[in-house]
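This report refers to the structure that appears directly beneath it.
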Amino acid sequence: MSDATTTDLYEVTMAMSYLQEGMTGPATFSLFARRMPAERGFLVAAGLESALDHLSGLLVGPDDVEAFASVLHRAPRDLAPLLGLTFTGDVRAVPEGRIVLAGEPLLEVTAPLPEAQLVETYVLNQLNHQTAVAAKGARCVLAADGRPVVDFSLRRTHGTQAGFQAARVGAMAGFAGTSNVAAATALGIPAVGTMAHSYVEAFPTEEDAFRAFARAHPGPVTLLVDTYDTEEGVRTAARVLRELGPAVHAAGSAIRLDSGDLGALARRARFLLDDAGLPGVSITASGGLDEYAVEELVSSGAPIDTYAVGTRFGVSADAPYLDSAYKLVEYEGRPVMKLSSAKVTAPAPKQVFRGLGCADVIGLTDERPPAGAEPLLETVMRDGRRTGPRATLGECRDRLAADLDALPPAARRIRGPVAPHPAVSERLRDLTARVRHRTEAHAGAVSSPSPSE
């Protein structure tokens with residue numbers, strides 16, 4: 001089986017029905033977050049590259065048809081219309097790393113209706129997870145206020161693929177490295193790490209462990225000092241590092257604090273290191289950190305040089321999902337919309353026009369940008385093929401840094417942020433009103449009883 005089967009069952013049933021009905025005209029679906037998660041002043045577009053990988057490689061093969069038939073309890077010949085299906089459509093999307101707001105399309109797919117429908121689940125999955133984690137990562141970087149942040153999340157992310165994606169979007173957000181060796185190797189980002197408490201416990205004494213580690217890793221070393229008594233661990237680390245000489249302790253070596261009152265412990269550790277003549281030995285903090293804890297430590301003046309964020313970053317613990325949707329907005333040139341309570345959608349393919357300070361306007365694709373605004377969505381796939389090379393992490397990082405600088409201060413706040421609200425263009429408002437009237441009139445005509453009833 002291929003990734004074509006990584007989809008919800010109803011995507012298969014709908015695609016099969018469309019094919020049987022001959023409904024293969026062009027359809028446009030828009031993917032967007034309905035609302036901003038709590039404590040978020042912005043989102044970060046991410047996941048596009050893996051979504052495009054899926055679309056460009058999509059091919060429903062015989063094994064996939066067998067799988068579809070099996071779960072539907074149908075004969076494989078009934079699913080034969082799906083055999084050989086590929087993605088032949090176009091994709092317009094916000095480039096990875098750009099700031100996005102609630103209601104703004106991150107991506108729009110225009111393709112023959114069965115194709116556009118079948119890919120919904122996979123595309124949503126990729127953009128949902130990575131956009132949520134990228135926003136968390138960007139907030140961690142903001143909270144650190146210029147201090148390095150590194151990713152320690154792999155062991156607690158919801159699967160290894162999620163861990164890889166967390167490392168990637170962390171690098172996009174400006175992280176200085178990751179503990180994930182596979183991600184570091186594949187993405188060309190620094191691999192970072194120290195030792196575990198089990199390593200220290202395996203030796204007769206803490207000092208034996210530190211010396212053995214330094215022998216195995218000449219050059220900069222980071223020693224975990226809180227396995228037993230943290231203050232004594234700092235003293236032991238200082239003694240070992242000092243004896244190793246300035247070639248080691250003056251070239252990037254550090255101690256790591258992983259538990260307790262990190263602010264107070266960091267202050268005491270800094271005093272002990274300086275007193276031992278080791279001002280160049282830095283302090284790394286880890287252990288349940290996220291942007292809230294980092295902000296508190298930074299604002300308190302804690303002498304922590306590097307922050308390692310793990311679980312709470314990798315799963316975006318306080319906002320682990322987006323209330324996002326992938327909705328049909330046009331079929332065969334006919335704008336359509338959903339009228340369900342609290343889930344109304346706007347019709348037609350759209351564009352987002354970015355003004356100064358994220359003063360955004362959501363409009364129609366053929367509208368001219370307002371004065372001083374730029375369109376966010378770009379054509380990234382045409383006829384099932386990418387229109388350009390894969391974006392580099394450096395390009396994504398630069399986009400995000402520029403957008404963060406342009407955000408209003410209230411949106412950048414870690415606690416109590418206020419997200420900007422995009423406006424809606426006059427043309428889109430007028431079209432929405434007309435389509436709503438037409439849809440309600442049609443629904444009313446269909447549901448009204450005939451005179452004979």
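Below, all heavy atoms of this structure are taken into account, side chains as well, without hydrogens, waters or symmetry copies.
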Practice task
Compute the centroid of each ring, for Phe210 and then for Phe203, and state whether the two points are separated by less than 6.0 Å.
Solution key: no
Worksheet item: Looking only at atom types and distance, does a side-chain atom of Asp63 sit under 3.5 Å from a main-chain N or O of Glu66, one as donor and one as acceptor?
Response: no
>> When you compare the side chains of Thr194 and Arg256, does any donor N or O come within less than 3.5 Å of an acceptor on the partner?
In response: yes
Is Arg390 salt-bridged to Asp53, going by a charged N under 4.0 Å from an acidic O?
-> yes
Could you walk me through whether Asp208 and Thr205 satisfy the side chain to side chain donor-acceptor pair (under 3.5 Å) test, starting with their C-alpha distance in whole Å, then the side-chain angles of each, then the deciding distance to 0.1 Å, before giving a yes or no? CA-CA 5 Å; Asp208 290 334; Thr205 69; 3.0 Å; yes
Evaluate Leu224 against Asp258 for side chain to side chain contact (heavy atoms under 4.5 Å, CB included), listing each step before the verdict. CA-CA 8 Å; Leu224 179 61; Asp258 189 54; 4.0 Å; yes
Any donor and acceptor pair, going by atom type alone, linking the side chain of Thr131 with main-chain N or O of Asn128 inside 3.5 Å? no
Minimal heavy-atom distance between Ala111 and Phe87, with the atoms involved, is CB-CE1, 3.7 Å
Side chains of Glu201 and Thr227: is there a donor and an acceptor less than 3.5 Å apart?
no
One should read off an interatomic distance between Arg98 CZ and Arg399 CZ, to the nearest 0.5 angstrom, of 8.0 Å
Check your understanding: Any donor and acceptor pair, going by atom type alone, linking the side chain of Glu96 with main-chain N or O of Gly47 inside 3.5 Å?
Key -> yes
Of all heavy-atom pairs linking Leu82 and Ala15, the shortest is CD2-CB, 4.0 Å
Side-chain donor or acceptor of Arg312 paired with backbone N/O of Gly288 under 3.5 Å:
yes
State whether Arg235 and Asp275 are salt-bridged, where the test is any N-O pair (Lys NZ or Arg NE/NH1/NH2 against Asp/Glu carboxylate O) under 4.0 Å.
no
In short, Ile99 meets Leu376 closest at the heavy-atom pair O-CD1, 4.2 Å
| query | Taking Glu108 for the side chain and Thr28 for the main chain, is one N or O donor matched with an acceptor at less than 3.5 Å? | reply | no
Starting from the C-alpha separation in whole Å, work towards a yes-or-no answer on side chain to side chain donor-acceptor pair (under 3.5 Å) for Asp226 and His197.
CA-CA 8 Å; Asp226 68 344; His197 294 105; 2.8 Å; yes
Worksheet item: Quick one: do Glu49 and Arg386 make a salt bridge, cutoff under 4.0 Å?
Response: yes
I'd like to know if the side chain of Thr88 pairs up with that of Asp383 as donor and acceptor (distance under 3.5 Å, no hydrogens or angles considered). no
Notebook entry, point to check: Okay, side chain of Gln165, backbone of His129: is any donor-acceptor separation there less than 3.5 Å?
Noted result: no
Between Thr311 and Arg156, is there a side-chain donor-acceptor contact under 3.5 Å, judged purely by atom types and distance? yes
Rounded to the nearest 0.5 Å, the CG atom of Leu377 sits from the OG1 atom of Thr365 at a distance of 10.0 Å
One should read off an interatomic distance between Arg155 CZ and Thr160 OG1, to the nearest 0.5 angstrom, of 14.5 Å
Nearest heavy-atom approach of Val281 to Ala254 is CG1-CA, 3.7 Å
By side chain to side chain contact (heavy atoms under 4.5 Å, CB included), Ala134 pairs with (sequence neighbours left out) Val44, Ala46, Val169
query: Does Glu291 reach the main-chain N or O of Val141 with its side chain, forming a donor-acceptor pair under 3.5 Å?
result: no
Requested in this report: Go through the steps to decide whether Ile283 and Leu257 satisfy the test side chain to side chain contact (heavy atoms under 4.5 Å, CB included), and finish with yes or no.
Outcome: CA-CA 7 Å; Ile283 299 174; Leu257 303 169; 3.9 Å; yes
So NE2 of His54 and OH of Tyr122: to nearest 0.5 Å the spacing works out to 6.0 Å
Taking every heavy atom of Ala67 against every heavy atom of Met1, the minimum-distance pair comes out as CB-SD, 3.3 Å
With sequence neighbours left out, the residues meeting side chain to side chain contact (heavy atoms under 4.5 Å, CB included) with Glu295 are Ala143, Ile414, Arg415
- Query: Is there a side-chain contact between Val192 and Thr222, using heavy atoms and a 4.5 Å cut-off?
  - Reply: no
Check whether Arg268 reaches the backbone of Gly263 with its side chain - one donor and one acceptor, N or O, closer than 3.5 Å.
no
**Asked** Taking the side chain from Asn180 and the backbone from Ala167, do they hold a donor-acceptor pair closer than 3.5 Å?
**Response** no
- prompt: Counting only N and O atoms by type, is there a donor-acceptor contact under 3.5 Å from the side chain of Asp8 to the main-chain atoms of Glu11?
  reply: no
Taking every heavy atom of Ala269 against every heavy atom of Ile255, the minimum-distance pair comes out as CB-CD1, 3.7 Å
| 4.5 Å side-chain heavy-atom contact, Leu9 and Leu72 | yes
Go through it in stages, so that I can follow the logic: the residues are Leu407 and Phe42, the test is side chain to side chain contact (heavy atoms under 4.5 Å, CB included), and I'd like the CA-CA distance, side-chain angles, deciding distance and then a yes or no.
CA-CA 9 Å; Leu407 264 180; Phe42 61 89; 3.5 Å; yes
Value for CZ (Arg385) from CG (Asp90), rounded to nearest 0.5 Å, stands at 13.0 Å
Value for CG (Asp290) from NZ (Lys136), rounded to nearest 0.5 Å, stands at 4.0 Å
